[in-house]
Student: 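Following this message is one structure expressed as structure tokens.
By convention in this document, chain letters (A, B, ...) are assigned in the order of the sequence lines, proteins followed by strands, and residues within each chain are numbered from 1.
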There are 2 protein chains.
Amino acid sequence: MVKMSKHLINPRTVGRLCIYRRVLNQLSSQGTKRLFSRDLASMAGVSPSQVRQDLMNVPTNGTPQNGYAVKELAEAVVTCLGTAQSSSVVLLGAGHLGQALLHYFQATQPRMAMSAVFEINPNMVGKHLHDVPVWDIATLDQYVRSAQVRIAILALPAEEAQPATDRLVAAGVTSILNFTPVRLNAPAHVFVENNDIQMSLERVAFYAAAHTKEKVQA
Amino acid sequence: MVKMSKHLINPRTVGRLCIYRRVLNQLSSQGTKRLFSRDLASMAGVSPSQVRQDLMNVPTNGTPQNGYAVKELAEAVVTCLGTAQSSSVVLLGAGHLGQALLHYFQATQPRMAMSAVFEINPNMVGKHLHDVPVWDIATLDQYVRSAQVRIAILALPAEEAQPATDRLVAAGVTSILNFTPVRLNAPAHVFVENNDIQMSLERVAFYAAAHTKEKVQA
DNA sequence: TAGATTGTTAATCGATTAACAATC
DNA sequence: TAGATTGTTAATCGATTAACAATC
């Protein structure tokens, strides 16, 4: 009621809250009852200050004497992040990367539902991949509209990324996970997360080379 | 000689330079001769100021009248980023994600060489995937040492990530691309790039849900 | 109580953006 | 020349870290 979603948490904090959730769920399943911010920090690879700062977005139950109750804190973080099972997800592109992402998604994200894959290759259309139907990308707009899809994952060729984005946005998608190396143009109300694997590789290579150079000089 | 690698460029700038390289190469192959910082900025999805700031790390050839010569700038960025073909790359884990990454790597990174894949599953050991041999992970340390591998890609189960990292670092790896959701502990001289696909998904889901909530209230 | 930790505010740090003299 | 852009420095912005009163 009181502008619950007005103070939209920034992407970095959301990312860390996801890490905390994973750590807390694991600890909870291992039977750990309580922890301090410094414990969560070391397991998440951040500073204790950062943990406490991030947890200001979450209704916490910490006390100076006992720290946080693991189970309750995990639940609070889950509530804060939202379950998002309300909306379904579509995947664009069923090439090697798309198929791997689909498998990964189905294996690790039981709380979200991948509802359809869209492909241009007619050999794949009509089949199923990991129990998800593959449909002709020509039917994308209609599907997104009728199923009220809000989340799309892009794993298609670079040159198709922007046209596909335009269609998705026009059809009502508000959140896009982009695995292509293209920087997408999208309206401000649409959230775009770039996961540029090619860039990741290039960056790692850069620092490996830089390190070698330094060693040679030392 | 004069501390060429002393001012190690920070990861964000390196990332953007990779984007500039891609854009410039594409423009060059399309026959574009010259551009201004504002053109490169709009194609890379950043501000013109940012472009010029980033290009301070690169020996540039820009002039107020004509902007930059595309081909020369592309070459300068390539030189700055380094080719890194000196070192070979190993992949740990040949599951769905690992295989997809291998395919992606072989298809898009001809300038780097993937030299071996390591797996624990005996059914895969001894085979080839995309012309790359799959070896028993027990032989990892010896291989990394003898081939002087400096770059490793992690695509194995979460619980194996930290032990594998320890072995890689001990054997001389200096740069790790981590596709597991685990935050790795590694010495400061080792560069670790986290590409957490699970987190990407969760973040996209968060903003989709947040957006829906806002709309409901508006 | 004494001591350590939380929740939160203040200070610092780093990165992006703006400004502007030099210049073609 | 006049005008626009570069290279670079200064200002702003945002995020992380430090500090500290409240507290159990």
Student: Give me the one residue out of B/Leu91, B/Asn194, B/Leu168, B/Val90 that meets side chain to side chain contact (heavy atoms under 4.5 Å, CB included) with B/Leu154.
Tutor: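 Of B/Leu91, B/Asn194, B/Leu168, B/Val90, side chain to side chain contact (heavy atoms under 4.5 Å, CB included) with B/Leu154 is met by B/Leu168 alone.
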
Student: Where do B/Phe206 and A/Leu81 land on the side chain to side chain contact (heavy atoms under 4.5 Å, CB included) test, with the steps shown first?
Tutor: CA-CA 6 Å; B/Phe206 173 82; A/Leu81 287 173; 4.1 Å; yes

Student: Whole Å only: how far is the CD atom of B/Gln50 from the P atom of C/dA18?
Tutor: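 Checked: the CD to P distance equals 11 Å.
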
Student: Parallel under 30°, tilted from 30 to 60°, perpendicular over 60°: which one fits the rings of B/His96 and A/His103?
Tutor: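 Rings of B/His96 and A/His103: parallel, as their planes differ by under 30°.
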
Student: Determine which bases of DNA chain C form Watson-Crick or G-U wobble pairs with both distances under 3.5 Å, and write the result as a 5' to 3' dot-bracket string with | for other-strand partners.
Tutor: ..||||||||||||||||||||||

Student: If we only count heavy atoms from C-beta on, is the A/Tyr207 to B/Glu193 side-chain gap below 4.5 Å?
Tutor: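 Heavy-atom side-chain distance check fails, nothing below 4.5 Å.
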
Student: Is there a side-chain contact between A/Lys33 and A/Val70 (heavy atoms, below 4.5 Å)?
Tutor: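 No, every pair of side-chain atoms sits at 4.5 Å or beyond.
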
Student: Does one side chain, of A/Tyr68 or A/Asn61, offer a donor that lies under 3.5 Å from an acceptor on the other?
Tutor: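 No, because no side-chain N or O of A/Tyr68 sits under 3.5 Å from a partner of the opposite role on A/Asn61.
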
Student: Nearest-Å distance, CG (A/Asp54) to C1' (C/dT9)?
Tutor: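 Rounded to the whole Å, the gap is 16 Å.
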
Student: Need to verify one output field. Residue with the more 5' nearest nucleotide on DNA chain D, A/Asn66 or A/Ser47?
Tutor: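 First, find each residue's nearest nucleotide; the 5'-ward one identifies A/Ser47.
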
Student: Answer with yes or no whether B/Gln53 presents, from its side chain, a donor or acceptor under 3.5 Å of a partner atom in the base of D/dT8.
Tutor: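 Counting by modelled atom types and ignoring angles, no donor-acceptor contact under 3.5 Å is found here.
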
Student: Rounded to the Å, how far apart are B/Ile9 CD1 and C/dA15 P?
Tutor: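 Roughly 13 Å, once rounded to whole Å.
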
Student: Can you pull every protein N or O that's under 3.5 Å from an N or O on nucleotides 5-7 of chain C?
Tutor:
| unit_1 | atom_1 | unit_2 | atom_2 | d |
| --- | --- | --- | --- | --- |
| C/dT5 | OP1 | A/Arg38 | NH2 | 2.2 |
| C/dT5 | O4' | A/Pro64 | O | 3.0 |
| C/dT6 | OP1 | A/Ser37 | N | 2.9 |
| C/dT6 | OP2 | A/Ser37 | OG | 2.7 |
| C/dG7 | OP1 | A/Thr60 | OG1 | 2.8 |
| C/dG7 | OP1 | A/Gly62 | N | 3.3 |
| C/dG7 | OP2 | A/Tyr68 | OH | 2.6 |
| C/dG7 | N7 | A/Arg52 | NE | 3.0 |
| C/dG7 | O6 | A/Arg52 | NH2 | 3.1 |

Student: Tell me what B/Arg34 touches on the nucleic acid: a base, only sugar-phosphate, or nothing, going by heavy atoms under 4.0 Å.
Tutor: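 Nothing: the residue B/Arg34, judged by heavy atoms under 4.0 Å, touches no strand.
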
Student: Any side-chain heavy atom of B/Val46 within less than 4.5 Å of one from B/Val51?
Tutor: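 Yes, side chains in contact.
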
Student: Take atom CG of B/Asp39 and atom C1' of D/dA4, then tell me their distance rounded to the nearest Å.
Tutor: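 Distance check: B/Asp39 CG to D/dA4 C1' gives 13 Å.
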
Student: How many whole angstroms separate atom CG of B/Asn10 from atom P of D/dT16?
Tutor: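 It works out to 14 Å between those atoms.
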
Student: For residues B/Asn25 and B/Ser28, is any side-chain donor paired with an opposing acceptor at under 3.5 Å?
Tutor: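 No donor-acceptor contact under 3.5 Å links the two side chains.
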
Student: Before accepting this row, confirm whether a basic side-chain N of the pair B/Asp196/A/Arg22 lies closer than 4.0 Å to the acidic partner's carboxylate O.
Tutor: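 Salt bridge present between B/Asp196 and A/Arg22.
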
Student: Output yes when at least one side-chain N/O atom of A/Ser49 is less than 4.0 Å from OP1 or OP2 of D/dT16, else no.
Tutor: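 A/Ser49 to D/dT16 OP1/OP2: no side-chain N or O under 4.0 Å.
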
